[in-house]
Structure formats: structure tokens, C-alpha cells
Protein chains: 2
Amino acid sequence: MTDNPAAPGARRTRRPSERRARRSAPTLSLEAIIAAAIEILDMEGLDALTLRRLSSALGVGVASLYWHIDDKDDLLDQCAANILRPVIARYRERAIDPDRWRAQITDLSTAQYDLVRDHPWLPLATSEAVNQITPSGAHLAIIAAWDRTGALLLAAGLSPLEAFHATTAISNHLIGMGASASRAAAAQRAGADRAEVLRQTSEHMLALAARSNETMPYLIATAPVLADHDEREQFMGALNLILDGVEQRVRHD
Amino acid sequence: MTDNPAAPGARRTRRPSERRARRSAPTLSLEAIIAAAIEILDMEGLDALTLRRLSSALGVGVASLYWHIDDKDDLLDQCAANILRPVIARYRERAIDPDRWRAQITDLSTAQYDLVRDHPWLPLATSEAVNQITPSGAHLAIIAAWDRTGALLLAAGLSPLEAFHATTAISNHLIGMGASASRAAAAQRAGADRAEVLRQTSEHMLALAARSNETMPYLIATAPVLADHDEREQFMGALNLILDGVEQRVRHD
DNA sequence: ACCTGAACACCGTTCAAGT
DNA sequence: ACCTGAACACCGTTCAAGT
């Protein structure tokens, strides 16, 4: 309605005014906003990121943010993109070696896992910002990773459909690990260290199993495994299972 | 602080007052609340479920809900439990047949997938209500499914650690499918039918790929697959890949 | 070009008060 | 035992107005 004369058209100009340095404070910038937002996300989780909280951390008014970002989804999208882009890009620089498809998929996937482990808000943030159709957004980075994984599977000899199923399994695995990583991070923030959390979880599950009137043989058998497992090894273990399935189809072609 | 004399102690008494039938309206009940909440969740998604919206759909004041539920997380937990419990229980009644481990795991997993497809809010709702330690909650149902899957894997001959990795892969797969199911449902609500959404998605991805200055060979090769895929088949395809990986370890024991 | 304060239309939750 | 209205402390977003 109001014809805003200074609306940032196609995409925001980065580093709005490079010249001009007589303003007292560091002034606001898109980069500063994203950096501050990521810090809050990493330290306190997705729920803690509030535009009001962010603006007060930056020492500005809430409304000021809206000159730099479209809305909260846009902010989340850009936070995710900033984390994902450089890592994915680095892996895409490597040449595809069909003979080393398994090692190369493992490398790329674990790199993504490490990102998700260190920033457990990533999967939720990107799924909330799903409408953001920025060509520079997190979606492009995710698609780029998806493409590289699929390209390696094609190089290994899978059909497009088989590769489609395999990339589905791998990316779903990453999303699922994100869910448990974000639970783990929340527990960590609430106090207890990892060993304590694991012990409680395993105990809690056994208690649930005991209170239910059905027997839970697997729960009981796995309790020791669960009580003392490394989440990264859990990721790798399930990934290897998926890649074993892939390998079988490579052989039988 | 205020010693509420009528606080519902351990757990809510079901069907609070069976006698007494002279009140005009159907009066509120936990069952009615949950049923109405599930209807909103199914038709309009997780974000649409607001306590105010729910209370007005029931024709009562917002605060009234709090006599029946602890808080919103409790409500979500009970909604999820109501969906999950009967289905999981039904599958747990069947006896475990070690020779048919693969078919039985496939049956249970696809039953869970169908639940997630019909109620895409399930994974998010249960992960938000993670602190709910009700023995009757959604957690117990999820753990029961997890246990049955794991028990079948043990019966097939896997070690507890291998089974742990396999259940991880399968449940992460379900969570990931939930994320895309909920995106699909949102698109459906926004108007377009599935074929249209698929066409747009595939087109959109190709456009992104084209605009980026990297080549995306897999994206291009898979575009036709993506543009015309059935999500249930996608689920089954990836599941079969995982189970192929499992089968390999069964053979080599 | 960039930032502000104040307002709008929402949230979940609490609580004294009604019947 | 069950429900209410009103209030509290939040949200994201808009907008006229300042510099």
C-alpha cells in the first residue's frame, strides 16, 4: 500500500554503505544480524531466537531489523545458508571419482552430519523457511548437496530411481539425526552432561518398558548400547547400513 | 502458591463425571478436546492449532481447557498418543516370526508411514512434547514400535549394536518422510493438487540449478522421476535399501 | 538510506471468581 | 467439580515519523 521508496528490490545489497564512517555505533548490517542470530541459535536453540531478543542483543529497535530482512523466515533461511553454503561448496569442488563413490558419499554426509550436530536448529530452520525462493538461500545449498550425493550414486552405477531412493534415505537420516541432536542440545543446556543424559534416557526407557504390561526384549537388550553410545558413531553405523544396501545394487547391475 | 483444591493429581480421571446428565450442552471432556484438536491438526496443520482456536471450536473459554490438560505440549502428546497407540498395539499383538522378519518389519514400518502421511504433524508434535513423561503418552507408543522393530532384527540374527543402527535408520527415515509429508500437505492446503505441486517443485529445482553456476547432473537426471513419483513408493524404495543392508548382515553371521 | 516508538493482532498461561 | 473473564507477559509485523 504505502509505496516504500527504498524497498530493497530483487535482493538486499550486501554491506549497504561501505563509505560513511562517522556514525557513532557500528551501525546495523545484514551480516551482523545473521551473525548475532546464529549465535543465539547455537547457544540457546531455535525457540530462543526472537526478533525482540535479537534486536536487543544488537542494541537496536525491533523494527530496524525489517529494513535488512523480509521476515523471520527469511532470517532463518539466511542463517542456514550461511552455515551450509561454504561447507557444501568445498565438497563440490572435489572431482567425482566413480571408484571411490562410497568414501566420497561418506565424506560429504558426515560433513553434513557435523553441521547438524553443531547447529541442531538447521533442519527445522530450513523446513520452516521452505517458501523462501531465494536463489542464494539454504535451499540451493541443500539441493547442491543432494545433487552431489546423487551424482556419486549415478557414477557408482545406480539407476536414477535407485539413486532417488538412496538420496532419500540419506537425507532423511540427516534430518532425523538433527531431531535427536536438538533434543540432546536442549538437555545439555538444561544442565546435565552427556553421560548423565544418556544414563537418564536409558533408565527412563527401561522404566517405561517396565511399567507397561508388555515385554520389551529389544529395549532391554539395547539398554547398555544406548546408555553409552556416541551419536556420531550411531550416524555412521546407520549410514553404513544404507550404503551396504546401495553397494549390493552396484554389484548386481 | 494457591493451593488449588481440585488439581488433577497423578493423571486425569477419564470421563470425569459419568453420572450427572442434566447439564444443557455436551459439556467439555478430555476426549472431545483431543478429537477437536486432531481435526484441526489434520485439516490445517500444526501451526493452526491454537488453544484459542481450539476453545472457540469447542464453544468454550480458553481457560476451560486447562482443567483438562496440563499445557499445550501435554495436549499434543495426547493427540499423538491417540493416533499411534491403537495401530502400534495391533502390530504388537502379532507373534514374531524370525523367518519373516523382513515382511514383518516392512508391515510395521509402512503402517507407521501411513500414519505419518495422514497426520504429518505427528513427528513434530511428539518431538515438541518430548518432556512429557506420561507412561500413557506418545513416547510409549513410539518406544513400543521401536522395540518391536528391534526385536525382529534381533530375531533375524543381528547383534544389538547392528539392530540399534538399523532401527535408527528406519525411524530417521520415518521422521524425514514426515517432514516432506507436512510440506506436501501445506502445499495441498494452499490450493494446487499433487501433480501440480510436483511439477512446480521439479521445475523450481531445475530453475535453481540453472541459475546457479554449477552443473547439477543428478538433478537433471532425476527431474522426471521427481516430477511423477508416489511418496509411498519413495518411502518403500528407501526402506528396501535399508533392509537390503540389514539382510547382508543376516547372511554373513 | 537507515532507524525509531508505538501500535496491531495475535500467542500460552494464570488466577480469582463464579456455579 | 467444572467453567469463566480478565489480566499478564510475551510474540511477529506494520507504519508513520524521525534523521
Side-chain angles (χ1 to χ4, degrees), chain A residues 1-9 12-33 37 40 44 46-56 58-77 125 128-129 131-132, chain B residues 1-9 12-33 37 40 44 46-56 58-77 125 128-129 131-132:
Chain A
M1 285 316 155
T2 70
D3 58 352
N4 188 345
R12 266 157 307 291
T13 56
R14 344 236 94 219
R15 216 172 312 274
S17 43
E18 215 107 43
R19 26 107 209 140
R20 183 267 285 129
R22 71 170 118 65
R23 187 79 129 203
S24 55
T27 82
L28 214 46
S29 73
L30 182 60
E31 288 79 10
I33 290 175
I40 293 174
E44 306 177 42
L46 189 59
D47 291 342
L49 182 65
T50 278
L51 294 188
R52 289 180 146 88
R53 165 119 176 54
L54 175 61
S55 68
S56 86
L58 288 161
V60 299
V62 208
S64 314
L65 300 174
Y66 281 84
W67 199 90
H68 300 272
I69 63 170
D70 293 344
D71 51 24
K72 199 185 179 183
D73 275 359
D74 178 37
L75 174 63
L76 286 176
D77 181 58
E128 271 178 38
N131 302 339
Q132 241 58 31
Chain B
M1 284 318 153
T2 70
D3 58 353
N4 189 344
R12 266 158 308 290
T13 56
R14 343 238 96 218
R15 216 172 315 272
S17 42
E18 215 109 42
R19 25 107 208 136
R20 179 266 285 130
R22 71 172 116 68
R23 187 77 131 205
S24 57
T27 79
L28 212 47
S29 74
L30 182 59
E31 288 79 9
I33 291 175
I40 293 174
E44 306 179 42
L46 189 60
D47 291 342
L49 182 66
T50 277
L51 294 189
R52 289 179 146 88
R53 167 120 175 52
L54 175 60
S55 67
S56 86
L58 288 161
V60 298
V62 209
S64 313
L65 300 174
Y66 281 84
W67 197 90
H68 300 271
I69 62 170
D70 292 344
D71 51 24
K72 199 186 178 182
D73 275 0
D74 178 37
L75 174 64
L76 286 175
D77 181 58
E128 270 178 37
N131 302 338
Q132 241 59 31

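The model shown is predicted, which means the values in this text are computed figures rather than measured ones. Here is the naming used below: chain letters follow the sequence lines, and residue numbers restart at 1 for every chain.
Summarising the geometry, the separation between CG on L65(B) and P on dC15(C) is reported as 17 Å, rounded to the nearest angstrom. The nearest whole Å value for the distance from the CG atom in D70(A) to the P atom in dT13(D) is 10 Å. Atom CG of L75(A) and atom P of dC11(D) are 15 Å apart (whole Å). Per the geometry, CG belonging to L58(B) stands 10 Å off P belonging to dC3(D), to the nearest Å. Look at CG on L28(A): it is 5 Å from P on dC3(C), rounded to the nearest Å. A straight line from CZ of R53(B) to P of dT13(C) spans 18 Å, rounded to a whole angstrom. Counting to the nearest Å, the P atom of dT13(D) and the CG atom of L54(A) are 12 Å from each other. Atom NZ in K72(B) sits roughly 15 Å away from atom P in dT14(C) (whole-Å rounding).
One finds the CG atom of D70(B) at 10.0 Å from the CG atom of D77(B) (value rounded to the nearest 0.5 Å). Atoms CD1 and CG, from I40(A) and D47(A) in turn, are 13.0 Å apart once rounded to the nearest 0.5 Å. We find the CG-CG distance between L30(B) and L65(B) to be 10.5 Å, quoted to the nearest 0.5 Å.
Among the nucleotides dC2(D), dT13(C), dA7(C), the one closest to the side chain of Y66(B) is dT13(C). Residue V60(A) places its side chain closer to dT4(C) than to any other of dT4(C), dG12(C), dT13(D). Checking dC3(D), dT4(D), dG12(D) against the side-chain heavy atoms of L51(A) singles out dG12(D) as nearest. Closest to the side chain of A63(B), out of dT4(C), dC2(D), dT14(C), is dT14(C). Of all nucleotides listed (dC3(C), dT13(C), dA7(C)), dT13(C) comes nearest to the side chain of V62(B). Considering only side-chain atoms of T50(B), the nucleotide from dG12(C), dC2(D), dT13(D) that sits closest is dG12(C). Considering only the side chain of W67(B), dC2(D) comes nearest among dG12(C), dC2(C), dC2(D).
Partners of R53(B) according to the side-chain hydrogen bond (donor to acceptor under 3.5 Å, both in side chains) rule, which considers only residues two or more places apart in sequence or in another chain, are E44(B).
With the nearest nucleotide of DNA chain C identified for both G59(A) and R52(A), G59(A) has the one nearer the 5' end.
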Strand DNA chain C in bracket notation, Watson-Crick/G-U under 3.5 Å with | for pairs to another chain:
||.|||||...|||||.||
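A close approach under 4.0 Å does not occur between any side-chain nitrogen or oxygen of S64(A) and OP1 or OP2 of dC2(C). Proximity of H68(A) to the phosphate of dC3(C): a side-chain N or O atom is located under 4.0 Å from OP1 or OP2.
Here the shortest heavy-atom pairing between S64(A) and L28(A) reads CB-CD2, 4.0 Å. In plain terms, the two heavy atoms of Y66(A) and D71(A) that are nearest each other are CE2-CA, 4.2 Å.
Side chains of L49(B) and L75(B) form a contact here, defined as non-hydrogen atoms less than 4.5 Å apart.
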